[in-house]
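FYI, side chains are in, hydrogens and waters are out, and symmetry mates aren't considered; it's all heavy atoms of this structure. Quantities reported herein were computed from a predicted structural model and do not represent experimental measurements.
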Amino acid sequence: MKLTILGGGGFRVPLVYGALLGDRGEGRVTEVVLHDLDPLRLSAVTRVLAEQASQAEDAPVVTATTDLDEALRGADFIFSAIRVGGLEGRANDERVALAEGVLGQETVGAGGIAYGLRTVPVAVDIAQRVARLAPDAWVINFTNPAGLVTEAMSRHLGDRVIGICDSPVGLGRRIARVLGANPREAWIDYVGLNHLGWVRGLRVAGRDELPRLLADPELLGSFEEGKLFGVDWLQSLGAIPNEYLHYYYFNREAVRAYQQAEKTRGAFLHDQQARFYDEVGAPGAKALDVWDRTRAEREATYMSENRETAGAGERDADDLSGGYEKVALALMRAIARDERTTLILNVRNQSTLSVLDNDAVIEVPCLVDANGAHPVTVAPLPDHATGLVCAVKAVEREVLAAAESGSRTTAVKAFALHPLVDSVNVARRLVEGYREVHPGLAYLK
């Protein structure tokens with residue numbers, strides 16, 4: 001079975017390959033094709049993968065190419081993890097937004113909109129090529145903003161594109177662990193959009209254990225989200241929000257922390273990964289060791305500004321192991337082998353949430369089998385969550401419309417309607433600021 005990884009020179013590709021090395025049995029991936037526009041990054045990641053393969057038996061064969069059509073032809077699965085504009089683009093997203101006093105985070109607020117505006121046209125082109133060159137392939141999208149990009153691609157690929165994210169997985173795992181439950185035996189009632197969802201229940205053997213957690217202040221304050229949001233706020237919500245909702249519930253504090261930070265997250269990763277690729281390219285470098293060390297630093301500093309704002313301290317060691325690669329592997333196995341499973345995924349709504357139309361991509365538990373991912377019917381969200389979900393989905397639709405039409409006016413509307421952008425004039429300045437720093441946004445007229 002052939003897996004093509006778009007963004008194959010990306011730093012996290014070895015996580016995906018490492019998961020493949022542990023997979024055995026029929027229907028497993030035997031061929032991996034890495035595609036990237038940067039041959040130097042491709043070469044560096046290929047070296048890391050070669051060292052991983054040397055420690056395993058019967059490892060999938062790895063090839064690399066800068067030719068997109070060549071990479072797509074004959075693929076059974078396509079994993080999309082591209083970053084349009086690179087980490088320099090992410091750093092610019094943050095800088096322009098923070099100069100206007102609004103959040104520049106990669107997927108939330110102004111930064112997420114800017115990233116979406118330059119990513120959607122590229123993702124749509126990929127989707128059209130897949131439909132033409134590999135119509136039977138399944139596309140697993142991890143490209144951010146994951147829900148928005150998955151919805152853009154679904155307009156050309158239907159339900160054969162499925163978005164994944166590691167945030168709900170990590171959240172469910174943390175809640176189960178603190179309750180003394182096995183995450184594999186728990187049903188997680190999670191509903192929302194990508195990076196905008198809530199755990200409303202966690203059932204073990206048919207019993208919802210979440211009320212027990214919410215009623216115990218000591219237990220509730222013992223894990224990441226309890227420290228990040230505070231016990232009182234979680235008890236008020238009656239649910240456990242995705243960590244990215246910290247940007248909404250504590251927006252002023254988050255913006256101030258980002259403005260005061262020595263470097264933004266994008267700038268930090270830009271410098272860190274530049275060092276990584278330089279080190280791996282040096283003669284005699286142990287590529288896998290360099291990657292392991294860099295990854296540990298990356299994970300330990302994840303959302304550090306938010307944790308500092310909340311006084312949450314360092315991340316627990318158990319939360320540093322990632323998880324999206326495991327979701328990707330479980331998804332591929334379920335489809336390729338009809339190994340039925342339940343995963344929290346980004347898929348078209350169908351009739352799952354009545355406040356959204358059928359084509360809106362949402363993030364919910366899905367039953368997965370050889371025919372793809374099928375969203376599970378869920379109870380309606382409370383009004384406060386419904387309001388946020390509807391507002392952000394409306395913004396995503398304006399981003400898609402702007403990307404399709406090239407309308408600067410529509411792009412301004414997308415920024416202005418976002419709950420975290422507080423002025424139409426700020427929205428206008430954001431569009432102009434982003435057009436100045438991103439050549440990829442020159443299409444907005």
Exercise for review: Over all heavy atoms of both residues, which pair between E325 and L15 is shortest? Give the atoms and the distance, please.
Suggested key: CG-O, 3.3 Å
Exercise for review: Identify the two heavy atoms, one from K393 and one from E151, that lie closest to each other, and give their separation to 0.1 Å.
Suggested key: NZ-OE1, 2.7 Å
Check your understanding: Does a side chain donor of either T65 or H35 reach within less than 3.5 Å of an acceptor in the other side chain?
Key -> no
Check your understanding: Between the side chains of Q350 and N358, does any donor sit under 3.5 Å from an acceptor?
Key -> no
Review point. So, D93 and H438: side-chain donor and acceptor under 3.5 Å apart, yes or no?
Key: yes
Review point. How many angstroms lie between atom CG of N251 and atom CG of D422, to the nearest 0.5 angstrom?
Key: 8.5 Å
Practice item. Identify the two heavy atoms, one from I240 and one from E225, that lie closest to each other, and give their separation to 0.1 Å. Key: CG2-CB, 3.9 Å
Check your understanding: Is the closest side-chain heavy-atom distance between T63 and L34 below 4.5 Å?
Key -> no
**Study point:** D369 side chain to H374 side chain, donor-acceptor N/O pair below 3.5 angstrom
**Key:** yes
Study note, to complete from the structure: Closest heavy-atom pair, E88 versus H270, reported as atoms and distance to 0.1 Å, is N-CD2, 3.6 Å
**Study point:** Check: W138 side chain, L331 main-chain N or O, donor-acceptor pair, under 3.5 Å
**Key:** no
Check your understanding: Do V378 and L353 come within less than 4.5 Å of each other through their side chains, counting heavy atoms only?
Key -> yes
Check your understanding: Any side-chain donor paired with an acceptor under 3.5 Å for T107 and N144?
Key -> no
Practice item. Over 60° means perpendicular and under 30° means parallel, so classify the ring planes of F229 and F250, tilted if in between. Key: tilted
Review point. Under the 3.5 angstrom rule, does the side chain of R428 hit a backbone N or O of A416 as a donor-acceptor pair?
Key: no
Practice item. Would you check if R275 and D278 make a side-chain contact, meaning some heavy-atom pair closer than 4.5 Å? Key: no
Review point. Is there side-chain contact between V392 and V389, with heavy atoms separated by less than 4.5 Å?
Key: no
Check your understanding: So, does R160 use its side chain to make a donor-acceptor pair with the main chain of A137 at under 3.5 Å?
Key -> yes
Review point. Got more than 12 heavy atoms from elsewhere within 6.0 Å of CD, E51?
Key: yes
Check your understanding: CZ/F415 to OG1/T410 distance, rounded to the nearest 0.5 angstrom?
Key -> 12.5 Å
Point to revise | Exercise: identify the closest heavy-atom pair between R348 and S154 | key: CD-OG, 3.9 Å
Check your understanding: If you count the non-hydrogen atoms of other residues, nucleotides and ligands that lie under 6.0 Å from NZ in K413, is the total more than 12?
Key -> no
Review point. Checking salt bridge (charged side-chain N to carboxylate O under 4.0 Å, His left out) for the pair R90/E94: CA distance, chi angles, key distance, verdict?
Key: CA-CA 6 Å; R90 177 174 177 177; E94 295 164 336; 3.7 Å; yes
Check your understanding: Are Y247 and Y258 close enough that a side-chain donor and a side-chain acceptor fall under 3.5 Å?
Key -> yes
Check your understanding: Between atom OG of S407 and atom OH of Y443, what is the distance when rounded to the nearest 0.5 Å?
Key -> 10.0 Å
Exercise for review: Could you tell me which non-hydrogen atom of V139 sits nearest to which non-hydrogen atom of M153, and how far apart they are?
Suggested key: CG1-CE, 4.0 Å
Exercise for review: Check whether more than 12 heavy atoms from other residues, nucleotides or ligands sit under 6.0 Å from atom CZ of R340, and answer yes or no.
Suggested key: no
Check your understanding: Hey, are N242 and Y190 close enough side-chain-wise for a donor-acceptor pair under 3.5 Å?
Key -> yes
Exercise for review: Examine distances only and state if a side-chain atom of D76 and a backbone atom of K2 form a donor-acceptor pair shorter than 3.5 Å.
Suggested key: yes
Check your understanding: If you measure from CG on N194 to OG on S167, what distance do you get to the nearest 0.5 Å?
Key -> 7.0 Å
Point to revise | Residues, nucleotides or ligands: over 12 heavy atoms within 6.0 Å of E404 CD | key: no
Check your understanding: Hey, are the side chains of Y248 and L388 touching, using non-hydrogen atoms and a 4.5 Å cut-off?
Key -> yes
Check your understanding: Are side-chain N/O atoms of E297 and Q272 paired as donor and acceptor at under 3.5 Å?
Key -> yes
Review point. Just wondering, do Y277 and R41 contact through their side chains at under 4.5 Å, heavy atoms?
Key: yes
